[in-house]
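Everything below concerns the one structure shown next.
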Amino acid sequence: MATFLYRMGRAAFRRRWLVVLLWAVVLGAVGAGAAKAPGAGDEGTSFMPGIEAQKAFDLIEERFPGSDADGADARIVFIAPDGQKVTAADHRAAIDSLVEEAAEQPRVAGAVSPFQADAVSKDASTAYATVSYKVTADDLTDADKKALESVIDEARDAGLTVEVGGTALATQPAAGGAGEAIGIGLAAVVLLITFGSVAAAGLPLLTAVIGVGVSMCAILALGSTLGLSMTTGTLASMLGLAVGIDYALLVVSRYREERESGHEAREATALAVGKAGSAVVFAGLTVVIALAGLSVIGVPMLTKMGLCAAGAVVIGVLVALTLVPALLGMWPDAVLSRKARRRAAGSSAGRPARTGDNGGTRWARFVLRRPVAVLLACVAGLGVLALPAADLQLGMPGDEAKPVSSTERRAYDALADGFGAGFNGPLTIVSDVGGAGDPKAAAATIAEQIKGTDGVVSVSPPQFNPEGDAAIFSVVPSTGPSDGTTKDLVQTIRAERPGLEGETGATFEVTGSTAMNIDIAQALQDALVPYLIVIVVLSLVLLMIVFRSVLVPVKAAAGFLLSVLASLGAVVAVFQWGWGADLLGVEQAGPIMSLMPIFLVGIVFGLAMDYEVFLVARMREAYVHGERPAQAVVTGFRHSARVVAAAAVIMIAVFSGFVGSGESMIKTIGFGLAVAVLFDAFVVRMAFVPAVLALLGHRAWWLPRWLDRVLPHVDVEGASLTARPAEAADATVGGAREQEPVRT
């Protein structure tokens, strides 16, 4: 592989203008496609096929085809001034007027007055009206929304406080542009400090932004066709930006190192791509495997998120292997420090690389002197941080998790105060009564039995479809949608099903947003451990190929488990227990977003393997070239510690920028990834890894002969390039001699 990448680097250097032009054409093409593409459509109603709530939802769509189960809705909440009632003549007139005007809108399927639907609280301080639409929220036009907002403003002018929940007027958080800007700014500072050169700092940023631009434009262009959401694009841009900077950083850093060793620009570029490029390819491959593996979970939305993010990573790898060397060919000396440029101006061919101590070597020797103490400190510290993960509770936070400044949150709170906590999360029961002798009696019996269940406040009368073979009714629990007691109630109702089926000859299923979230959370929690096992096994195989070792991959997997469990513990402590939640703008602590742990595990796995490959590949390279195990560790830290630290700080900066997102899932993932990178890069890779390698010695690089014969040889350490004769610098590519560019 190293030889192939070496040739690729030389070709990109030689054909630099063509490479840059091709990337410009690609960016322009996908940009034009994104500009002309229609907006992303609905992702579909089948979130997780196979769970009971989804089956029930599908049954409703089948038996009640005109119900528009996925149509937009607006729940308009009216709150009377203190000491007054919504039933007062003037307030009632304003509410009735709003309902009548809303019902006249062309896309409105129906609008129900609170005085007709008995939707007035007992103290008459609060009431709500429901407006249902014929189309989904994504299909509502600005005119539809403005028409509804106009009639709401009229009710407010009458003296009522009016808040709106539901999907029709739901506010969409920003896609993360501010987070990206913050991350890029912090990354620029880190790169400038690391390299001491504006050009060296700017090149990784430039190429990463180009890669993210290509990825995001492609997602936008395909959004309507594939049903890609804003969340999908945000996560792809988050990860694409982080790894794009890191991969380019690794190549540029190796290029500067090769120039320090006395190589001319074209040879240094080829060697940088040949050696660092191998680490980039395998690091990127681990991330892609982890992200693409999300498709086996069975959640269409998670599959789309994983595949889009994996695509962004692939583009980041291609940019690092082609565009970065092409730009180095245009400005070969610009990325060097001032001292290096002055040295490059003189005759320095064949000068040996500097081997003096730096911060990385001093830290490595510190760990090597006391490996047991460092190892125990790492395991104990991360173990303590991981303890809250044992209390992980998954859910799908709704309006209760939004800022109190949003009308959806105020509507949620008003309904909870006026009608009870469970009113915001009703359960929907759909009963298949086609096999019952008396369908109406069967539905009534089921409703009556459920009404008598502890924890149920009320049950609506059953409503039948035109054929009379299905009935649907609503159940209001006494507790809120994210309360653990509500989950127990759903299981209790389902446990009553066998007895009722035998008694009535009819069956029923529980759905609704609350039941759907409960089923999804349980299914994803059940899938977390198997997914973790799959990617750990894959990492063992991949790292065995990379490092030709059995124990190094096992050590890498153990370190990954420590960092991911510690990061999950931190997420639980902040977002579920509420520790320091105010500092991060978390409005209300509660269950962790169901998708978050699996997605966090996949991304952290990829990033952990990134740092493993970046750091340990240099140790393996030194060991293969004859250094003793301890000295190989020091050499690896001399060349890679600063790059890994800079890459980690950049990723932390990028991910931390998304903590300010208004969308709870993005906020949670941004925080989780930031702390995971912190733990993995600075605790596991910088302390745990050298401590374990120091204790293992030569055994760290042991590989059974039979396994050595089975595993493919990919030459990640670039042994074939080291053996290349000096005259390779004048080699030709495709039979044509390369031209040295003019230095700047």
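Listed for the Asp246 side chain is no donor-acceptor partner under 3.5 Å among the backbone atoms of Leu249. Under a 3.5 Å cut-off, the side chain of Arg16 and the backbone N or O of Leu327 do not form any donor-acceptor pair. Within the 3.5 Å criterion, the main-chain N or O of Phe637 finds no donor-acceptor partner in the side chain of Ser640. Distance alone, capped at 3.5 Å, places no donor-acceptor pair between the Tyr247 side chain and the Pro204 backbone. Using a distance-only test at 3.5 Å, with no hydrogens or angles considered, no donor-acceptor pair links the side chain of Ser253 to the main chain of Leu250.
Salt bridge present: Glu621 and Arg254 bring a charged side-chain N and a carboxylate O closer than 4.0 Å. Using a cutoff of 4.0 Å between basic side-chain nitrogens and carboxylate oxygens, Glu260 and Arg256 are not scored as salt-bridged. For the pair Glu264 and Arg259, the salt-bridge criterion is not met [side-chain N within less than 4.0 Å of a carboxylate O].
Applying the side-chain hydrogen bond (donor to acceptor under 3.5 Å, both in side chains) test to Ser549 and every residue at least two apart in sequence or in another chain returns nothing.
Identified under the ring pair (Phe, Tyr, Trp, His ring centres under 6.0 Å) test for residues 284-306, with sequence neighbours left out: none.
Contact check for Val317 versus Leu285: no side-chain heavy atoms found under the 4.5 Å cut-off.
Donor-acceptor pairing under 3.5 Å is recorded for the side chains of Trp23 and Thr322.
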With a cut-off of 3.5 Å and sequence neighbours excluded, list every side-chain donor-acceptor pair involving residues 679-695.
unit_1 : atom_1 : unit_2 : atom_2 : d
Asp680 : OD1    : Ser563 : OG     : 2.9
Asp680 : OD1    : Arg685 : NH2    : 3.1
Asp680 : OD2    : Arg685 : NE     : 3.0
Arg685 : NH1    : Glu612 : OE1    : 2.5

